[in-house]
Every structure is written in C-alpha cells, then in structure tokens.
Amino acid sequence: MNLRARFRTVVAMWIFVGLIGGPFMLLIAAAALTASGPFAPRDTVSVDALFSPGEEVKVRGKDAASLRPGEFLILAHPATTYPAAVTCQWKSRVYTTGEQRSGTVEPVPVEGVEPVVTDTGSGVVYRPVMTTARGTGWMEIDYLTCVGNGVEQFAVTEDSGMSAMARTSAGVVAVLFGLLVTGLGFGALKLTRHWARQPAVPSPYLYGHPGPHAHGLGPRSPQR
C-alpha cells in the first residue's frame with residue numbers, strides 16, 4: 001500500500017470517528033450538564049462500615065473499615081433523620097510524636113446522591129447527612145463518632161456522588177472534545193469529496209508508449 005492509499009485510509013477512519021464519536025461525546029455532554037443518565041444522582045450505595053450513635057468507629061488503618069484517604073459519606077438510619085440534627089467528631093491516628101489531632105466534622109452538604117439511598121448489600125434505607133468533602137481534617141479522619149436525635153444506626157460509604165462543579169466541568173470538556181472530533185470528521189469528509197470532484201488526467205499515450213522507432217501521427221506503414 002503506497003503513501004497515498006494509506007492517507008486515504010486514515011481519512012476514512014477519521015470520517016467514521018468524527019461522525020459517530022463526535023455526536024456520542026455531545027450526548028455525554030448533554031447528560032452531564034443536565035444531571036441525567038449516568039450522571040444522575042445516585043440512589044444506591046455500598047456501605048463500608050456500620051456503627052451506633054456515640055460509638056467510635058475506626059475508618060482507616062489496620063482492622064478498620066479500610067476507607068481510602070479522601071472524602072466519604074456519612075449516612076443515618078432511619079431515612080427520616082434530619083441532617084442538621086447530626087454532629088460528628090473525628091480523631092487522627094497517634095503520630096510518632098505522640099500527637100493525636102481531633103475536631104468536629106464540618107457538615108458539608110451532600111451532592112450527587114438522592115435524599116434517600118439504599119444499601120445494595122442489606123437493602124436498608126439511609127439518609128445521607130453529610131460528606132467530608134473539602135471539610136476541615138478530612139484527610140486526617142481515622143476515627144469517627146456521630147450522634148443525632150432519633151438516629152438508630154450510622155454508616156459510612158465511599159460511594160459519594162459527583163459534585164455539581166465536577167459534573168459541569170466534565171460536561172464542558174465533553175462539549176469541546178465532541179465539537180473538535182465532529183469538525184475533524186466533516187473536514188475529512190469534505191476532503192474526500194474534493195478528491196472525487198477532481199477530473200481524471202488523461203494519459204498522453206492512449207495506446208501505450210509509441211516506442212523508440214515510432215514517429216509521426218500514426219503507426220508506420222509496412223513498406224512494399
């Protein structure tokens with residue numbers, strides 16, 4: 001396959017990618033910007049640890065709930081719990097210096113999940129009461145204690161929803177990428193149409209090359 005044929009193959013591939021992948025990315029962008037489809041608020045979670053009101057639970061480290069460093073959701077049962085009625089305290093591990101930090105979990109509002117969620121393992125319904133996202137000490141939380149009026153059981157989960165800012169950013173990126181890919185696809189299609197409109201260049205020798213002994217307007221006539 002020569003270079004020209006390879007270039008035409010690449011152009012044909014870009015037509016397919018641009019006219020199929022571009023609109024698909026725009027659909028993803030629309031879903032992200034409207035919080036629908038895969039970007040809709042979650043209504044199910046996978047609970048990582050359960051604890052009673054006033055009980056201290058170890059969420060990270062050895063013999064803990066094994067939550068990864070970062071944000072997580074705090075859930076309360078029953079689902080009629082009023083989030084503002086819940087308060088939580090946190091402690092860090094004991095450092096090599098002997099210091100152990102502690103504080104109150106900043107009650108950051110939950111985003112990206114429904115007001116009521118169901119645990120996929122047990123089927124118990126919970127109310128998301130707060131998230132540790134962007135809260136003070138959220139990277140240092142190793143031990144957690146929560147209390148709340150009317151709460152029977154608390155739970156923590158890493159299944160946090162996507163924030164509105166992250167969803168909007170994903171939507172904008174998908175729009176830009178979708179428009180770019182679609183534009184490249186239409187550009188490749190226009191290039192192939194330009195090739196199709198080009199007239200064929202006639203050969204200067206309709207009947208082949210005349211050869212070294214042929215002269216004049218036609219073949220030599222045999223001499224008699």
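Reckoned from all heavy atoms, side chains included, excluding hydrogens, waters and symmetry mates. It should be emphasised that the depicted structure is a prediction, and the values quoted were computed from it without experimental measurement.
- Two residues are said to be in side-chain contact when any heavy atoms from C-beta on lie closer than 4.5 Å; R127 and P115 meet this criterion.
- For V113 against P128, the heavy-atom pair with the smallest separation is CG2-CG, 4.1 Å.
- Across G148 and F154, no two heavy atoms sit closer than the pair N-CZ, 4.0 Å.
- Criterion: ILVMFWY side-chain heavy atoms under 4.5 Å apart, direct or through other members. Under it, F24 and F177 are part of a common hydrophobic cluster.
- Atom CG of L50 sits about 9.5 Å away from atom CD of E55, to the nearest 0.5 Å.
- Once rounded to the nearest 0.5 Å, the distance linking CD of Q153 with SG of C146 reads 12.5 Å.
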Note to self: Assess the residue pair V124 and H77 against the criterion (side-chain contact (heavy atoms from CB on, under 4.5 Å)); give the C-alpha distance rounded to whole Å, side-chain angles, the decisive distance to 0.1 Å, and a yes or no.
What the structure shows: CA-CA 8 Å; V124 177; H77 176 79; 3.6 Å; yes
Next item on the list: Would you sort out whether W90 and T132 count as a side-chain contact (heavy atoms from CB on, under 4.5 Å), showing the intermediate values?
Entry: CA-CA 11 Å; W90 64 270; T132 60; over 6 Å; no
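- Of all non-hydrogen atoms in E152 and P53, the two that sit nearest each other are O-CD, 3.6 Å.
- Annotation: side chain of L179 is in contact with side chain of L26 (closest heavy-atom distance under 4.5 Å).
- For the residue pair Q89 and T104, a side-chain donor N or O sits within less than 3.5 Å of a side-chain acceptor on the partner.
- Counting only heavy atoms from C-beta outward, the side chains of F51 and L144 approach each other to under 4.5 Å.
- A distance of 13.0 Å separates NZ in K91 from NZ in K58, rounded to the nearest 0.5 Å.
- Both V57 and V156 belong to a single network of hydrophobic side chains, linked directly or stepwise wherever heavy atoms of I, L, V, M, F, W or Y lie under 4.5 Å apart.
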Note to self: Evaluate R42 against V117 for side-chain contact (heavy atoms from CB on, under 4.5 Å), listing each step before the verdict.
What the structure shows: CA-CA 7 Å; R42 298 176 60 93; V117 296; 5.7 Å; no
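- Contact detail for V147 and G54: the closest heavy-atom pair is CG1-N, 3.8 Å.
- In plain terms, the two heavy atoms of P83 and V129 that are nearest each other are CB-O, 3.7 Å.
- Considering R101, R60, Q100 in turn, R101 is the only one that fulfils the side chain to side chain donor-acceptor pair (under 3.5 Å) rule with E140.
- V47 is listed as a side-chain neighbour of Y126, based on a closest heavy-atom distance under 4.5 Å.
- Here the closest heavy-atom approach between residue S46 and residue T157 is recorded as O-OG1, 2.8 Å.
- The distance from the CG atom of D142 to the CZ atom of R93 is 7.0 Å, given to the nearest 0.5 Å.
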